[in-house]
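Shown next, in structure tokens, is the structure this report addresses.
As the structure lists them, so they are numbered: ligands from 1, and atoms in each ligand from 1. Heavy atoms only: backbone and side chains are in, while hydrogens, waters and symmetry mates are out.
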Amino acid sequence: MKDAIFLDNAATTRTDSQVLQAMEPWLSEKFGSPATLYALGSEAKQAIEEARQRLADLIGADAKEVYFTSGATESNNWAIKGTADALEPRGRHIITNEAEHHSILMPCRFLEKKGWDITYLPVDGDGLVDPEAVGGAIRDDTVLVTMVHGNHEIGTIQPIDEIGAVTREKKVPLHVNAAQSVGHIPVDVQVMDCDLLSLSAHKFYGPKGVGALYIRRGARITPLLHGGGQERKRRPGTHNVPGIVGLGKAAELARGRLEKEMERLTGLRDYIIDSMEKNMEDIRLNGHRSRRLPNNVNFSIEGIEGESIMLSLSYPTSADTKPIYVSTGSACVSGTLEPSHILLSLGIPVELAHGSVRISLSQDNTREDADNAVKALAEVVERLRSMSPVYKRGSKQCASGSKSDGCDCEAAS
Ligand SMILES: *Cc1c(COP(=O)(O)O)cnc(C)c1O
């Protein structure tokens, strides 16, 4: 594992060593519960409040508006179900989009089964939502608009500021799922003008199983969990002290590194995109070319399955090749080879959606990793295509037909 090249950082990141260091005492000698009054407890309480302040500083919030949770899945569920419960007397309509994460779509489906009306706005070929369409979809009974900031699969960054201006004008609460963007690009709840915002520590070099929901002062939301008085009576349960301290440290580090790291990763991202386009034919970039997360590369590769590519890269045949970990939008989930709903929402053909590969970068990745990955990928693609019954060197075959460029394989075959 030490020698593997990890390029699946949209799934999770390695915990930063400084974060680990900050967490360690809270897993050993400082084991007190923050709910207790003796010194061991009040120390923990103080550490939690420091972490809350650090996180608030990263997202432009007041510390009193930050609530710790178990991660973005919980925060998203809380934002949607909690708002739905609190505002049900006003109406039973929620607006989202087709290319959302399952932790948004599934709570929406849950509400749909209870009779709620959910509008799933379409995205364009780059994965963007039209802010005007958001305005057009808002009705008198709309109680929430929920929009992802950075898409975890294709990297497209939504025009959240413009969407926020629309929802503010129409006086509808806005929830932003910022799990992929916090710590990677500027996220400011004031600029976005959002009421709720979800984030997750393990997506930006913090530990797994901890996150937060930003709740603007005055926003109406029912708790998801009921129990003790923690988190101002809104999120009960003994605090995950080491996790929260780790999240606070990750936020502090991110704040210091953001601008530089954003620039470096954007350069590395574009270098990979350029190299792939130079070294491989019949591939298509998924997601917006420039309005995209600095660490996201996603290509559809004609004629082969994304899963075959992913497995070939992670189990290299030669002993002196490092394993490379990437992901695919067409993983064989529960036995059915269904391409992801996000790729399909872009309107690309099912065959192309099957051949998708996502490379997602972290602070640990270098230019050398990028070179190794592109080289290995080109070799794997070449080998798999040579065995593929469906892949024909499309452009070359078509070029012998009537069209000189912009070939149409469907017409040719
Ligand atoms: C990772 C992720 C989630 C889920 O976060 P967890 O903390 O792992 O529950 C939700 N939405 C997006 C966009 C993500 O990338």
Side-chain angles (χ1 to χ4, degrees), residues 6-15 19 55 59 66-82 96-110 120 123 127-129 146-158 160 163 174-185 187 192 194 196-214 224-225 235 237 240 242-244 246-248 250-251 254 286-288 291-298 326-329 331 333 340-343 345 358-362:
F6 188 79
L7 298 174
D8 195 14
N9 292 283
T12 197
T13 58
R14 177 195 291 269
T15 305
V19 169
L55 185 54
I59 61 171
V66 170
Y67 296 82
F68 292 115
T69 66
S70 65
T73 297
E74 182 188 330
S75 298
N76 288 340
N77 270 266
W78 186 10
I80 293 169
K81 295 180 200 166
T96 185
N97 76 75
E98 286 178 345
E100 289 288 334
H101 192 268
H102 278 132
S103 58
I104 295 289
L105 292 179
M106 294 303 150
C108 287
R109 298 261 160 78
F110 171 82
Y120 300 92
V123 295
L128 286 169
V129 173
T146 173
M147 287 288 151
V148 69
H149 188 204
N151 188 290
H152 63 287
E153 201 166 306
I154 55 172
T156 299
I157 298 170
Q158 297 299 342
I160 288 292
I163 293 170
L174 172 66
H175 166 245
V176 176
N177 177 9
Q180 286 289 333
S181 52
V182 166
H184 296 280
I185 58 174
V187 169
M192 289 177 170
C194 62
L196 304 157
L197 182 134
S198 303
L199 61 93
S200 178
H202 77 103
K203 298 295 175 74
F204 66 107
Y205 318 118
K208 292 164 186 56
V210 61
L213 181 66
Y214 157 81
L224 199 60
L225 305 179
R235 205 286 189 175
N240 173 1
I244 290 168
L247 173 51
N286 293 316
H288 197 280
R291 291 173 79 157
R292 79 187 291 134
L293 293 167
N295 67 344
N296 176 290
V297 175
N298 187 315
V326 299
S327 90
T328 170
V333 185
S340 95
H341 66 281
I342 294 173
L343 293 170
S345 75
R358 179 186 70 188
I359 292 172
S360 47
L361 307 165
S362 81

Item to complete: Flag Ser70 as yes when one of its N or O atoms lies below 3.5 Å from any N or O atom of ligand 1, and as no otherwise.
Response: no
Check: Counting N and O atoms only, with roles assigned by atom type, does the side chain of Arg292 sit under 3.5 Å from a partner on the main chain of Ile154, one being a donor and the other an acceptor?
Finding: yes
Query raised in the report: Counting N and O atoms only, with roles assigned by atom type, does the side chain of Ser200 sit under 3.5 Å from a partner on the main chain of Gly211, one being a donor and the other an acceptor?
Result: no
of all protein heavy atoms, closest to atom 4 (C) of ligand 1 is Thr73 OG1, 3.5 Å
Rounded to the nearest 0.5 Å, the NE2 atom of His184 sits from the CG atom of Asn9 at a distance of 8.0 Å
the protein heavy atom lying closest to atom 11 (N) of ligand 1 turns out to be Asn177 ND2, 3.0 Å
For this session: Taking Arg235 for its side chain and Ala212 for its backbone only, find out whether a donor-acceptor pair lies under 3.5 Å.
Result: no
Point to revise | Worked verdict on Phe204 versus Val182 for side-chain contact (heavy atoms from CB on, under 4.5 Å) | key: CA-CA 7 Å; Phe204 66 107; Val182 166; 3.8 Å; yes
Answer yes or no for Ser103: is there a heavy-atom contact with ligand 1 below 4.0 Å? yes
When you measure from the side chain of Asn151 to the backbone N and O of Ala99, does any donor-acceptor pair fall under 3.5 Å? yes
heavy-atom search around atom 7 (O) of ligand 1 in the protein gives Ser200 OG, 2.6 Å
shortest atom 5 (O) of ligand 1-to-protein heavy-atom contact is with Ala72 CB, 3.2 Å
Is there a nitrogen or oxygen of His152 sitting under 3.5 Å from a nitrogen or oxygen of ligand 1? no
Numbered in order shown, the ligand 1 atoms found under 4.0 Å of a heavy atom of His202 are 6 (P), 7 (O), 8 (O)
Here the atoms of ligand 1 under 4.0 Å from any heavy atom belonging to Gly71 are 7 (O)
**Message:** So does Leu197 get a backbone contact from the side chain of His149, meaning a donor-acceptor N/O pair under 3.5 Å?
**Reply:** no
among protein heavy atoms, the one nearest atom 1 (C) of ligand 1 is Lys203 NZ, 1.3 Å
